[in-house]
Structure formats: structure tokens, C-alpha cells
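Notes to accompany the following structure.
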Amino acid sequence: MTLKVEVDPGYGSASARGPFTELDGSETVPLLIPEDQHQQYTWKPLSKEELLKCAGGPEWRKFRSRLVLCFWIGWLIMLGTAIAIIIQSPRIESPSLHWWQRDVFYCLQPALFMDADSDEVSHISRVSERLPYLKSLGVGAMILEGFFRHDSSPPNLTEIDQSLGTLPQFTRLITESRKAGVRVMLDLCELDLFEQESGNDTEVWSGASEYIQYSLRYWLEYGVSGFGICDTDAAFSAETLMEWNMLMQEFSSQDDERILMVRQTKMSNITVNGSLVELVTKSLIPPSHHPLSPAEVAEAMEANLQTPQGLWPSWTVGGGVPWELQRAILVLIMTLPGTPVIKYGDEVNPIQEQLNQPLALFHSLIQSRAREEALHFGRFTFLPFNSSMSSSGLNSTATPPLAFLRSWGCVHFLVLFNLGSEPHTLDPDWAPSLPEAGVFLTSTGLDRFGPVSLRSIKMQPHEAIVIKLFESDNSS
């Protein structure tokens, strides 16, 4: 008996005849076929035609052009803003200084240069031989003192003191000094330029004035760079200075300016018209027949530091200073604002001389002054120092320290002085506004180097220190 079974069309048996199998010769059923395997996709970059087809629409081209344009416009705006900020931001430019503001002056007396082994070489010739030494010091101008004879009234201002040398020797000195870059000035202080007996005789006074102007013109033609006069001289008057100034202007040029300088010998302040005189040299130490004590020196220094100065002051030591304070006074002269006037021998350090380095301190100071703008023409700020602000227990009779600040832009230099005979340690609260850290620039003993904290400075007796301060954000 035949069994007939109905089969679901979705099922069937495989047959070699084909994909479909006939059931009873009339029905066909699809074979079970496995799912198709996915083909592996291989990435290929778009061709130029395909890329243009995707991005070549007109809207996309406009968007892309505007995007590039906005980028360049934004970049130019940022560049212009940066340039405007730089131009409008305040800038500290170094001032243009005259030669008498840049240079260090050196006073010397040719009569001091003597040679016991040879009488044939004059004093002026000895000065010529010292020009390389003066140039090595960094001196830019020398003032010859005692150049004229004092035993006649009025003096002969067109004739050199014959004991010093001859006119040809002086001409050679001028020529060689110009080659060495050292200018020569003549000191007229303590000369009786106007006869004291002339009194109010107008004719005598007028004749003397004409003779003096003739004499000044005589030396200017030889190449002298200027003259010095004391405020105690009879010739010191506004009328005389005006006449002399006009004469200086006649011989001056842009590269060769001739000047007048007044030496202040009176302790009272004098007022000199800045248009008539370029320099007014003041003494730091009052004149005295004996060296002053450290307390007296400190008092005189503090009085000068607290006194407002002119547009461009000039300083010299002046009176007698104890030998133990000479180094500190040299530091003061070279770090004060203005033009320092050094006397012959002031550059020599008696203590360093024993170590065969008599000029080490002077070289350190003059190089620092030439290199650091703040020490040359920076702002001056006196820092008051109370004896109570001390961790060293200063008594009421001790000499208090002195300090001032020289600043130019973001650069600050702290100059400290301990003129007393006792050590002194700075109180941390002495100047809270100052940065706490710095680096030693120089000191009287030339024995301080490297970084320093203001909270740990212990000053030795008769010591001066120059410290370059760090900004607060750089302090450690």
C-alpha cells in the first residue's frame, strides 16, 4: 500500500538534478540553500570625478570660499590688534645723554707727577703717559688743577705754569688725549680772575672780563673741552656765566660739546640756571680740617641723599673721610644718580692693594655703571632706615645703616651702607614692598657672590653692598 505524505514546500531533499525536486512528478520544492556570505569590502579613494560630483555643487563652493575668507580676515584682525597693543603699550627708552652725563670725570694735579730719576720729563708729559691708565679706568674726562700760577693777580691765563711744562707739551697732551677718548678740562677755581682791588670800578671790571674771555677762547682753540669755576670766586655771577656760556656755544658742535661746570664749595644749596652751566658738582662730605667720624659721615650722607637734586647732579667726595670708609664712599659716588668726579688716588683700594688688586673695586663699579641702565640714569629712591627696625640690637649711639634704590623699568638695585663699627642684620620687615631675593652685584670687600635673600643679610662694619633685586614672581 502506497503511503502518501504531504511535504511543506520549504523543505525538500537534495538532488543531483537541480535546485528543485519534483514530488510525484508535479510538485517542486526549493532546496535548503545556506545564506550568502558577505563579500569583503575594499576601501578605495574617491576619484576626481566622484569627488567633484560630491563637492562640486555651487552652494558648497560658496561656503568653502567664505570660510577661507573669514579665516584670513580673522587672522589679520588678530595681527593688527597685537601690533596696536605693542605700539600703544608704554616703552622705556634709554635717554640720549651728553658726553658729560655718560663719562666719569677725573681730577688731577700735574704737579703731583714727579720723577726723581729724571728731570728732563715735565709734569705735563707725565700726564700724557698716564692716558692709557685713565682709559683703562673708564675715565672720559680729566680736569687739570693747578694749571696756572697763583702768585699773580690777575693771573696770566694764556701762559702755563712753567714748572709744569711748555705749550707744545700741552698741545701734545690734547692731541693724545683726543686719540685716547679722554677730554681735557681746565680748573679755574681759587684764581683771582678779577682783581679784588677793582671794587666797583666798572672800567677795570669790564677790561678784566674781556681779557678772561680772550683767554678762554685761546684754550678752546687748542681743543680744551671746558672749564670749571667755584661758587666762591668773584667771577661767579649770572652775567659772567652767560658770557662764558655763549663762548662755549660758539665752539661747540654736535660731537664736540664744550661745557662749564661749577664746583659747589659752600655747604648751602645754590641755584644755577641750567641753561648757563651744564654741571654743578657737590661735595658729599663737608670740608673739615680733620677726618670726620663715621657718625658724622653718615649724617652728611643722609642729608645729601634726602635733598632733592637738580636735573643732572654731579658728585665728589669733598672733605676728609676715614680710611676705613673710603671704599664705601667710592661705592656711593659711583651708584648715585649723576656724574661722578673722582680725585686722583680715590680709585685705589688700600685694602685690596695688599692683595695686588688695588683697582678691582673701582673696575667693578664702573663696569656695572656702564652696563646697568638703572645705575646710570635710573630713578633714585631714598629708603629710610630706623634703628628700631633691626635684629642686631643697635643701641642709640650706633650708626644706623643707609639705603637707597635705583630703578629703571622692571630692574631694581638696592644699595646698602653700614658705616658703623658694628655688624648689622637687616630686619625682615624693614622694607616689605621690596622683593625678597636678589643677587649680589658687588661689595666693598668683593667677597659676596651669587643669590641672596634680603631676610638673611648681615652687613659687616664699614661695608657697602649693591644687590640686583628679582621681581616678586621670580623670588624664591
Side-chain angles (χ1 to χ4, degrees), residues 105-135 139 141-180 182-198 204-205 207-230 232-236 240 244 247-248 251 258-263 265 281 316 341-346:
F105 284 60
Y106 192 89
C107 293
L108 58 86
Q109 298 181 16
L112 297 177
F113 295 93
M114 300 179 63
D115 190 354
D117 298 332
S118 176
D119 296 332
E120 298 179 359
V121 180
S122 68
H123 301 287
I124 293 180
S125 298
R126 289 298 180 193
V127 174
S128 300
E129 295 175 358
R130 300 284 287 183
L131 285 173
Y133 168 76
L134 296 179
K135 187 62 178 178
V139 171
M142 61 176 173
I143 304 175
L144 299 181
E145 299 178 338
F147 192 70
F148 304 100
R149 299 185 61 176
H150 291 73
D151 55 358
S152 61
S153 181
N156 186 356
L157 297 181
T158 59
E159 183 179 347
I160 302 174
D161 188 343
Q162 295 300 317
S163 63
L164 302 179
T166 62
L167 182 60
Q169 292 171 343
F170 177 75
T171 304
R172 175 173 171 266
L173 170 63
I174 292 290
T175 303
E176 294 184 356
S177 64
R178 290 282 180 170
K179 293 180 180 179
V182 180
R183 303 173 188 268
V184 177
M185 296 185 61
L186 300 181
D187 181 69
L188 305 179
C189 283
E190 301 178 358
L191 291 175
D192 187 11
L193 300 179
F194 296 96
E195 291 184 281
Q196 299 295 336
E197 293 79 5
S198 61
V204 176
W205 187 278
S209 178
E210 292 179 1
Y211 170 72
I212 293 174
Q213 290 196 53
Y214 168 80
S215 302
L216 299 183
R217 181 183 296 273
Y218 177 83
W219 294 114
L220 289 172
E221 291 175 348
Y222 274 100
V224 171
S225 295
F227 304 91
I229 185 175
C230 290
T232 54
D233 295 341
F236 179 74
T240 303
W244 291 12
L247 187 60
M248 299 300 113
F251 282 86
R258 314 297 177 94
I259 69 169
L260 289 175
M261 61 183 303
V262 173
R263 185 196 308 172
T265 57
T281 304
T316 188
V341 180
I342 306 297
K343 286 188 173 294
Y344 173 71
D346 288 349

From [X] [atom1] over to [Y] [atom2], what is the distance, rounded to the nearest 0.5 angstrom?
X	Y	atom1	atom2	answer
Ile259	Ser225	CD1	OG	8.0 Å
Tyr214	Leu247	OH	CG	13.0 Å
Ile143	Thr316	CD1	OG1	8.5 Å
Leu131	Leu173	CG	CG	6.0 Å
Leu108	Arg130	CG	CZ	9.0 Å
Lys343	Tyr106	NZ	OH	11.0 Å

Side chain to side chain, [X] and [Y], heavy atoms closer than 4.5 Å:
X	Y	result
Met142	Val127	yes
Gln213	Ser209	yes
Pro110	Leu144	yes
Phe105	Thr281	no
Lys179	Lys135	no
Gln169	Ile160	no
Leu216	Leu188	yes
Leu157	Leu191	yes

What residues, two or more places apart in sequence or in another chain, satisfy ring pair (Phe, Tyr, Trp, His ring centres under 6.0 Å) together with [X]?
X	answer
Tyr218	Tyr222
Phe170	Phe147, Trp219
Tyr133	none

Indicate yes or no for a side-chain donor-acceptor contact from [X] to the backbone of [Y] under 3.5 Å, with no hydrogens or angles considered.
X	Y	value
Arg258	Leu220	yes
Glu176	Ile174	no
Arg263	Asp187	no
Arg149	Asn156	no

Problem - Sequence-distant partners of Asp161, salt bridge (Lys or Arg N to Asp or Glu O under 4.0 Å), two or more places apart - result: none
Problem - Residue list, salt bridge (Lys or Arg N to Asp or Glu O under 4.0 Å) with Glu159, at least two apart or on another chain - result: none
Practice task
Could you tell me which non-hydrogen atom of Gly165 sits nearest to which non-hydrogen atom of Ser122, and how far apart they are?
Solution key: CA-CB, 3.9 Å
Problem - Contacts of Thr175 that satisfy side chain to side chain donor-acceptor pair (under 3.5 Å) - sequence neighbours left out - result: none
